[in-house]
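A note on names: the letters A, B, ... follow the listed sequences, proteins ahead of strands, and every chain is numbered from 1.
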Amino acid sequence: MKNIIQSVKGTREFYPHEMAVRRWLYALIEKTSESFGYQEYDGPFIEKIDLYAAKSGEELVKEQAFVFADRGGDLITLRPELTLSLARMIAQKQNELTYPVRWWSFGPFWRYEKPQKGRTREFFQWNIDMIGVDSPVADAELLAICATFFRNAGISPEQVSILVNHRQLMEKKLLELGIADDLKKKTFQLIDRKDKLDFSAWKAFATDIGLSNDQFTGVNEILNNRELWQQSPELIAVFNQLEIMGVREYVKYDPHIIRGLDYYSGIVFEAWDMGKDGRAVLGGGHYGNLVADVGGSPLPGVGFAMGDVMATILLEKYGCIPEIKPFHDTVLVTIFDENTLQQSLGFAAVLRKKGIKTILYPEAVKLQKQFKFADRLGVIAVAVIGPDEALAGNVTIKNLTDHTQITCSQELAAETVRQIVKINS
RNA sequence: GUGGCUGUAGCUCAAUGGCAGAGCAUCGCACUGUGGAUGCGAGGGUUGUGGGUUCAACCCCCAUCAGCCACCCCA
């Protein structure tokens, strides 16, 4: 055991059980995305570093991307995010696409981070965007998708809230305090950190970036005003529409939500686990110029991204992940001994031909062992062809759930098996 | 990148610097045509790795790797 080469730091292995959970999550994301008419797409998993150098933020590329030189000497990165690949894909066909584009994706990403809870170096991310419009209806739709995802997963509004703010509203309020440009950026940072520092440290940070006492007081008033959204026509419209769509209960106004990325220019939002030790599980917002940075004409859009690691932790925490029963629709055909082996082989083949998932035990060992194997896999139908059955062309089918068994002709047995696995699947 | 905690059997964890153990799991038998139970027995270890201190190290010291947690950052 000790000689096994370790897996790469921050990676995960998906044993069949974890793989089943991953596929379940994928299915949930697919169902939610497509119910709003979004199409699945994907970009390359590797990209030239230049793609990200253009925008993306220095830190993401320089410190968080996996970069390597290929044999031709180009610097290649394992994609740390999808946004720029998406932007290029849009730009390349900018005049052919039918707008608004509604696209979603679920795929792997890599970031060279220090692994900890909810954070790995290799992870999956759900990205979903509507591109080419700039309207409260579009903003509301993305929020509704987010809320619908949680509802589909079985998460209640008490468990997860989508916290919403608007960049323009905040900019306007800060401008009233005489905060603009560079100071505005720093003040956004300040707001972003409020929950992470105690008040005196936070105030010190405010002084540090150059806020006056009056401005600091003003910022505090903004942050304490939960009704501030009523000064934003866009947010008023969005909340009204969410009400009509029946998902208003999942969404709350919160002036603390700012988000780190510079390119957000309108609505911004994060979904938070409201329970103990809650964290953000997804984030997104409205951007004004997605495509311009990769050489297209500016196009507005709105979208969000959700990592699978935090999402899975959240769904597990609230008991939303269904019990996975991998073999409840599968029958095990035992091998009694060498003499009946051929009949077992043949019978298994017949079952498969009739569309029944069939496992054949691969050696003639004690039936006890074969039954135990079936039990541990979760198989609930077991077929036995011993000397008696073999002579008469029969097979015995045992139902492990109710412990009953029937002996019938091999011809008719498929129907018996079908009933057992169907009733229990 | 910074700081803290933790690495002992497959898993969960014990073991004053003095013989490395338990429970669960696994395998075998009781039980030669039938799974979840019970009893008995067995196997399984370079104590993460590499150095150091010591007559003697799972234990103390240094380094390193990994996991967890908090920063940083971010979806």
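Comparing the P positions of B:U12 and B:A42 gives an interatomic distance of 26 Å, to the nearest angstrom. Using P as the reference atom, B:U49 and B:G45 are 13 Å apart when rounded to the nearest Å. Nucleotides B:G39 and B:C58, compared at atom P, are 35 Å apart to the nearest Å. Nucleotides B:U2 and B:G44 place their P atoms 43 Å apart, quoted to the nearest Å. B:U53 and B:C62 have their P atoms separated by 15 Å, with the value rounded to a whole Å. Taking atom P on both B:A22 and B:G43, the two are 12 Å apart, rounded to the nearest angstrom. When the P atom is compared between B:A70 and B:C11, the two are found 25 Å apart, to the nearest whole Å. To the nearest whole angstrom, the two C1' atoms, one in B:A9 and one in B:A20, are 10 Å apart.
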Secondary structure string for RNA chain B (Watson-Crick or G-U under 3.5 angstrom, | for other-strand pairs): (((((((..((((....[..)))).(((((.......))))).....(((((..]....))))))))))))....
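The nearest whole Å value for the distance from the OH atom in A:Y112 to the P atom in B:G1 is 7 Å. The CD-C1' distance, from A:E13 to B:A66, rounds to 13 Å in whole Å. Put simply, CD on A:Q116 is 14 Å from P on B:G1, counting in whole angstrom units. Residue A:L82 contributes atom CG, which lies 18 Å from atom P of B:C74 at whole-angstrom precision. Across the protein-nucleic acid pair, A:K114 atom NZ and B:C73 atom P stand 15 Å apart, rounded to whole Å. One can place CD of A:Q189 at 13 Å from C1' of B:C74, the figure rounded to the nearest angstrom.
Against RNA chain B, the stretch residues 19-31 of chain A makes no heavy-atom approach under 4.0 Å.
For residues 393-419 of chain A, no pair satisfies ring pair (Phe, Tyr, Trp, His ring centres under 6.0 Å), with sequence neighbours left out. For the ring pair (Phe, Tyr, Trp, His ring centres under 6.0 Å) condition, the pairs that include at least one residue of residues 148-174 of chain A, sequence neighbours left out, are A:W126-A:F149. Residue pairs meeting the ring pair (Phe, Tyr, Trp, His ring centres under 6.0 Å) criterion with at least one member in residues 336-385 of chain A, sequence neighbours excluded, are A:Y361-A:F373.
Every side chain to side chain contact (heavy atoms under 4.5 Å, CB included) that A:Q125 has, sequence neighbours left out, goes to A:F109, A:R111, A:F123, A:N127, A:A305. With sequence neighbours left out, the salt bridge (charged side-chain N to carboxylate O under 4.0 Å, His left out) criterion links A:R119 to A:E113. Under the rule for a salt bridge (charged side-chain N to carboxylate O under 4.0 Å, His left out), the partners of A:E171 that lie at least two apart in sequence or sit in another chain are A:K184. A:R23 is linked by a side chain to side chain donor-acceptor pair (under 3.5 Å) to nothing, counting only residues two or more places apart in sequence or in another chain. Residues satisfying the side chain to side chain donor-acceptor pair (under 3.5 Å) test with A:E389, not counting sequence neighbours, are A:T396. With sequence neighbours left out, A:Q405 forms a side chain to side chain donor-acceptor pair (under 3.5 Å) with no residue at all.
The shortest distance between the side-chain N/O atoms of A:R279 and the OP1/OP2 oxygens of B:A70 is below 4.0 Å.
Between the side chain of A:R119 and the base of B:C69, no donor-acceptor pair under 3.5 Å is found.
Each of A:Y41, A:F124, A:Y38 was scored for a ring pair (Phe, Tyr, Trp, His ring centres under 6.0 Å) with A:F106, with one residue passing: A:F124.
Contacts of A:E113 with the nucleic acid, taken as non-hydrogen atoms under 4.0 Å apart, include base atoms. No engagement by A:A374 is indicated, since no non-hydrogen atom pair under 4.0 Å with the nucleic acid exists. Here A:G10 lies in heavy-atom contact (under 4.0 Å) with sugar-phosphate atoms only.
Between A:E18 and A:R12 there is no salt bridge, since none of the side-chain N atoms of the basic residue sits less than 4.0 Å from a carboxylate O of the acidic one.
The distance between the ring centers of A:F304 and A:W104 does not fall below 6.0 angstrom.
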Reading 5' to 3' through nucleotides 24-40 of chain B, protein heavy-atom contacts under 4.0 Å coded B for base, S for sugar-phosphate only, - for none: -SSSSS-B-BBBB----
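Between the OG1 atom in A:T312 and the CD1 atom in A:I321 there is a gap of 5.5 Å [rounded to 0.5 Å].
Nearer to the 5' terminus of RNA chain B, by closest-nucleotide assignment, is the contact made by A:T11 (compared with the other of A:T11 and A:M306).
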